[in-house]
Amino acid sequence: MASTSTRRIQKELGDLMNSPPKGIQVVPDEDNFQIWTITITGPPNTPYHKGKFKLTADFTKDYPFKPPVLLFKTKMYHPNVDSDGNLCIGLLKTENWKPATKMSGVLQAIYDLIETPNPDDPLVSSIAEQYTTDRKGFDKKAAEYTSKYAT
């Protein structure tokens with residue numbers, strides 16, 4: 001009999017495959033469907049436009065009672081993503097996570113964070129500082145990273 005975690009992951013994956021969010025593609029690992037590779041296309045009118053950003057989602061046996069671990073595999077110049085690919089998004093923080101949270105909502109929140117960074121809750125304070133004080137410089141550097149790493 002499948003565990004709660006397994007059934008939930010299968011349902012979430014089915015939902016995402018049947019109606020994928022705009023600009024987001026999900027591919028489960030062939031050998032372990034608890035690991036997904038996610039590709040997010042950079043939102044228009046941002047320095048990330050046309051970039052292809054890869055992430056992994058790793059679901060533990062405690063899912064949906066604990067959030068999945070999401071990690072950017074594509075380097076990105078962003079105040080809420082560090083050089084190791086960790087991302088800072090309130091929805092995935094243990095104290096904010098709710099078992100009813102759906103992965104489609106998580107992925108949409110990540111897309112929205114790429115589109116509109118949150119400099120008030122940064123992982124990289126120097127990038128957040130540049131985002132708020134020198135937006136033109138930030139956009140230029142973010143676009144350089146996008147063309148170098150996200151193609």
Side-chain angles (χ1 to χ4, degrees), residues 5 8-9 12-13 15-29 32-151:
S5 176
R8 173 68 180 270
I9 293 166
E12 297 256 1
L13 185 58
D15 292 348
L16 285 165
M17 299 301 249
N18 289 333
S19 60
K22 185 174 164 48
I24 300 171
Q25 177 190 17
V26 177
V27 178
D29 184 281
N32 182 356
F33 72 92
Q34 291 182 289
I35 299 173
W36 297 356
T37 298
I38 301 153
T39 304
I40 297 179
T41 302
N45 305 313
T46 71
Y48 309 106
H49 183 58
K50 294 189 178 171
K52 299 279 188 210
F53 299 91
K54 291 207 179 299
L55 300 91
T56 55
D58 193 349
F59 298 88
T60 67
K61 62 182 179 3
D62 297 321
Y63 182 79
F65 303 104
K66 292 206 170 133
V69 176
L70 282 108
L71 207 57
F72 271 93
K73 296 300 183 181
T74 305
K75 248 181 132 161
M76 161 181 247
Y77 191 78
H78 194 287
N80 307 106
V81 179
D82 71 14
S83 59
D84 294 327
N86 297 300
L87 67 150
C88 184
I89 187 165
L91 192 63
L92 290 174
K93 291 181 179 174
T94 306
E95 64 271 16
N96 297 336
W97 179 258
K98 293 180 178 40
T101 305
K102 298 223 179 287
M103 279 305 293
S104 58
V106 170
L107 297 178
Q108 187 61 56
I110 294 169
Y111 183 91
D112 293 346
L113 187 68
I114 293 171
E115 189 171 40
T116 309
N118 179 3
D120 298 328
D121 191 16
L123 269 181
V124 188
S125 53
S126 59
I127 298 175
E129 173 83 18
Q130 184 182 31
Y131 180 80
T132 54
T133 62
D134 176 17
R135 187 63 182 274
K136 200 172 184 177
F138 167 85
D139 286 349
K140 183 175 187 280
K141 186 117 181 202
E144 287 170 4
Y145 266 62
T146 299
S147 64
K148 185 173 183 181
Y149 301 110
T151 53

Could you tell me which non-hydrogen atom of [X] sits nearest to which non-hydrogen atom of [Y], and how far apart they are?
X      : Y      : answer
Pro79  : Ile127 : N-CG2, 3.5 Å
Ile110 : Ile89  : N-CD1, 3.8 Å
Pro20  : Ile24  : CB-O, 3.8 Å
Gly137 : Gln130 : C-NE2, 3.3 Å
Gly51  : Thr146 : CA-CG2, 3.7 Å
Cys88  : Leu113 : O-CD2, 3.6 Å

### Task
Apply the test side-chain contact (heavy atoms from CB on, under 4.5 Å) to residues Phe59 and Trp36: give CA-CA distance (whole Å), side-chain angles for both, the deciding distance (0.1 Å), then the verdict.
CA-CA 9 Å; Phe59 298 88; Trp36 297 356; 3.5 Å; yes

#### Entry: Residue pairs fulfilling salt bridge (Lys or Arg N to Asp or Glu O under 4.0 Å) with at least one residue in residues 137-146, sequence neighbours excluded
Arg135-Asp139, Lys140-Glu144

### Pairs touching residues 15-28 that satisfy salt bridge (Lys or Arg N to Asp or Glu O under 4.0 Å), sequence neighbours left out
Lys11-Asp15

### Query
Hey, mind stepping through Leu87 and Asn80 against side-chain contact (heavy atoms from CB on, under 4.5 Å) and telling me if it holds?
CA-CA 6 Å; Leu87 67 150; Asn80 307 106; 5.8 Å; no

### Query
Does Asn18 have any side chain to side chain contact (heavy atoms under 4.5 Å, CB included) partners at least two apart in sequence or in another chain, and if so, which?
none

### Task
Could you tell me which residues satisfy side chain to side chain contact (heavy atoms under 4.5 Å, CB included) with Ala143, sequence neighbours excluded, listed by chain and number?
Pro47

### Message
Test: ring pair (Phe, Tyr, Trp, His ring centres under 6.0 Å). Region: residues 94-136. Which pairs qualify, not counting sequence neighbours?
### Response
Tyr131-Phe138

### Task
Using the side-chain hydrogen bond (donor to acceptor under 3.5 Å, both in side chains) rule, collect all pairs that involve residues 83-93, keeping only residues at least two apart or in two chains.
Asp82-Asn86, Lys93-Asp121

### Summary
In short, side-chain hydrogen bond (donor to acceptor under 3.5 Å, both in side chains) pairs touching residues 52-62 with sequence neighbours left out are Thr39-Lys54, Thr41-Lys52

### Query
Is it the case that more than 12 heavy atoms not belonging to Asn32 sit under 6.0 Å from its CG atom?
yes

## Note on the structure
With sequence neighbours left out, the residues meeting ring-ring contact (aromatic ring centres under 6.0 Å, His included) with Tyr149 are Tyr145

### Task
With sequence neighbours left out, write down each residue that passes ring-ring contact (aromatic ring centres under 6.0 Å, His included) with Tyr48, or none if nothing qualifies.
Phe53, His78

For residues 99-108, tabulate all N or O donor-acceptor pairs below 3.5 Å that involve a side-chain atom, not counting sequence neighbours.
from, atom 1, to, atom 2, distance (Å)
Thr101, OG1, Lys98, O, 2.9
Gln108, NE2, Asp112, OD1, 3.0

#### Entry: From CG (Leu55) to OG1 (Thr74), nearest 0.5 Å
7.5 Å

### Query
Does a side-chain heavy-atom distance below 4.5 Å link Glu129 with Pro122?
no

### Message
A side-chain contact here means heavy atoms from C-beta on lying under 4.5 Å apart; do Val26 and Ile38 qualify?
### Response
yes

### Query
Glu12: what forms a side chain to side chain donor-acceptor pair (under 3.5 Å) with it, not counting sequence neighbours?
Arg8, Tyr63

